[in-house]
2 protein chains.
Amino acid sequence: MDIETKFTALLRDRNLKATPKRLELLSVVANYNSAIPYSEIQNKLHHFDRVTLYRTLNAMLDGGIIHKASVSSDEVYYAMCREYCTSECHNHKHVHFKCLQCLEVSCVDVTNPIQIQIPNVVIKQVEIEVSGVCEKCI
Amino acid sequence: MDIETKFTALLRDRNLKATPKRLELLSVVANYNSAIPYSEIQNKLHHFDRVTLYRTLNAMLDGGIIHKASVSSDEVYYAMCREYCTSECHNHKHVHFKCLQCLEVSCVDVTNPIQIQIPNVVIKQVEIEVSGVCEKCI
DNA sequence: AAAATAAACGCAACTATGTTGCAATTAAGG
DNA sequence: CCTTAATTGCAACATAGTTGCGTTTATTTT
């Protein structure tokens, strides 16, 4: 099964039409080596109407196909979901790491599972944003 | 030492002039029972010029007097820094918890220190954003 | 206590993203 | 191929981010 067919299946599974724009957006996000900044998506898809990009991204987020990977309220980054996510539940088991030097953001699996406990509180979701210097920039 | 004197000292320590506006902003942030949403700051300080609020907030963030406490790219929340922070290093040992019901955001100390390790990477900062249901809303 | 100075402030202006409505277009199923 | 419901583009509006500049003010110096 080629990549385009895979994206089409992914979309149809979420009751989203597999339009050329959506397939194009997905290939842009998926082919980026790390989490892709919003501005970079815009660059690559400058022929998209601004609102279309906005709505397409929202549809993908809603469908649990991509997720946001922002670190400390900077520009928003996007990445493909690896696990099966839904609108309500983006349950990633990874952390987001941003290199302060090259500004690259990536999804990193953590070996030791992080256990966070807060008394008298029901925890639904935990997002961990790590920043520092990546291997290439040390 | 009363609170206003304390804020004045806090500002001067960072080479920031202790102006009425800055003291007012600090008292608004400090008197809020949890992390205060940006919109709430605006409400309470509607007599501030928009740019002044923007610049004042930035100065406080820069000086390590307040910090952002956003959870998942929603509205930005602000809270007083408890530790001694600087522009480069906001080293909080707490996590940010957002109740999905009442939308209140608070800084929570975690008893068990979170140890995150990523191979071949220098970690400078870790932000943990937790969302769920708070005690009052259960 | 008054003057000097460097910072803070308000205003105008511009940029960018978020968001909605509506008409035109198009994907998907029969 | 035709129907229909979803998607797209355009226009329009809202709000936050950001900069420059002239005026005001907090703090220092005389």
Side-chain angles (χ1 to χ4, degrees), chain A residues 4-29 36-63 65-66 68-78 87 103, chain B residues 4-29 35-63 65-78 87 103:
Chain A
E4 184 140 330
T5 315
K6 212 153 120 185
F7 288 153
T8 302
L10 205 55
L11 287 163
R12 299 233 174 108
D13 178 54
R14 267 79 173 187
N15 287 320
L16 294 167
K17 287 187 182 172
T19 67
K21 305 242 160 204
R22 287 176 175 172
L23 294 173
E24 201 179 346
L25 172 70
L26 287 182
S27 88
V28 163
V29 174
I36 185 169
Y38 176 72
S39 60
E40 190 63 25
I41 300 180
Q42 272 189 321
N43 286 345
K44 292 189 192 286
L45 302 177
H46 54 271
H47 52 291
F48 273 41
D49 180 79
R50 205 171 67 80
V51 179
T52 300
L53 180 53
Y54 162 70
R55 283 200 265 235
T56 308
L57 281 170
N58 271 2
M60 301 301 110
L61 288 171
D62 236 51
I65 298 176
I66 65 174
K68 290 190 185 182
S70 326
V71 172
S72 52
S73 326
D74 279 347
E75 186 177 5
V76 181
Y77 289 68
Y78 295 92
S87 174
L103 304 182
Chain B
E4 184 141 327
T5 315
K6 212 152 117 186
F7 287 154
T8 303
L10 206 56
L11 288 163
R12 299 235 174 106
D13 178 53
R14 267 77 172 186
N15 287 319
L16 295 166
K17 286 188 183 173
T19 67
K21 305 243 158 202
R22 286 176 177 173
L23 295 173
E24 203 179 344
L25 172 68
L26 286 182
S27 88
V28 162
V29 175
I36 185 169
Y38 176 73
S39 59
E40 191 62 25
I41 301 181
Q42 272 189 318
N43 286 345
K44 292 190 191 285
L45 303 177
H46 52 274
H47 52 291
F48 274 39
D49 181 81
R50 207 170 68 79
V51 178
T52 300
L53 180 53
Y54 162 70
R55 283 200 264 234
T56 308
L57 281 169
N58 271 2
M60 301 302 110
L61 289 170
D62 237 49
I65 297 176
I66 65 174
H67 67 275
K68 290 190 184 182
S70 325
V71 173
S72 52
S73 326
D74 279 346
E75 185 177 6
V76 181
Y77 290 67
Y78 295 93
S87 174
L103 304 184

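Keep in mind the model is a prediction, meaning the values are calculated, not measured. Residue numbers begin at 1 in each chain, while the letters A, B, ... track the order of the sequences.
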Beyond-backbone contact of A/Leu11 with A/Leu26, side-chain heavy atoms, under 4.5 angstrom: yes
Other residues, nucleotides, ligands: >12 heavy atoms within 6.0 Å of B/Gln42 CD: yes
Sugar-phosphate only, base, or nothing, as touched by B/Ala18 at under 4.0 Å among non-hydrogen atoms: sugar-phosphate
Evaluation steps, side-chain contact (heavy atoms from CB on, under 4.5 Å), between A/Tyr77 and A/Val71: CA-CA 8 Å; A/Tyr77 289 68; A/Val71 172; over 6 Å; no
Touch class at under 4.0 angstrom, heavy-atom based, for A/Arg22 against every strand present: sugar-phosphate
N or O in side chain of A/Gln42 less than 4.0 angstrom from C/dA16 OP1/OP2: no
Earlier contact from the 5' end, DNA chain D, for A/Lys17 and A/Asp49: A/Lys17
A/Tyr54 side chain, from C-beta outward: closest of C/dG18, C/dA13, C/dC9: C/dG18
side-chain N/O B/Thr52 vs C/dG10 OP1/OP2, d < 4.0 Å: yes
5' priority, DNA chain D, between A/Pro20 and B/Thr19 [closest heavy atom]: A/Pro20
Straight-line distance of A/Leu25 CG to A/Ile41 CD1, nearest 0.5 Å: 6.0 Å
Outermost DNA chain D nucleotides near chain B [under 4.0 Å, heavy atoms]: D/dA16 to D/dT27
NZ (B/Lys21) with more than 12 external heavy atoms under 6.0 Å: yes
Sugar-phosphate only, base, or nothing, as touched by A/Arg12 at under 4.0 Å among non-hydrogen atoms: sugar-phosphate
Separation of C/dT15 P from A/Arg50 CZ (nearest whole Å): 13 Å
Side-chain heavy-atom pair A/Thr56, A/Leu45 within 4.5 angstrom cut-off: no
Sugar-phosphate, base or nothing in reach of A/Phe48, heavy atoms under 4.0 Å: nothing
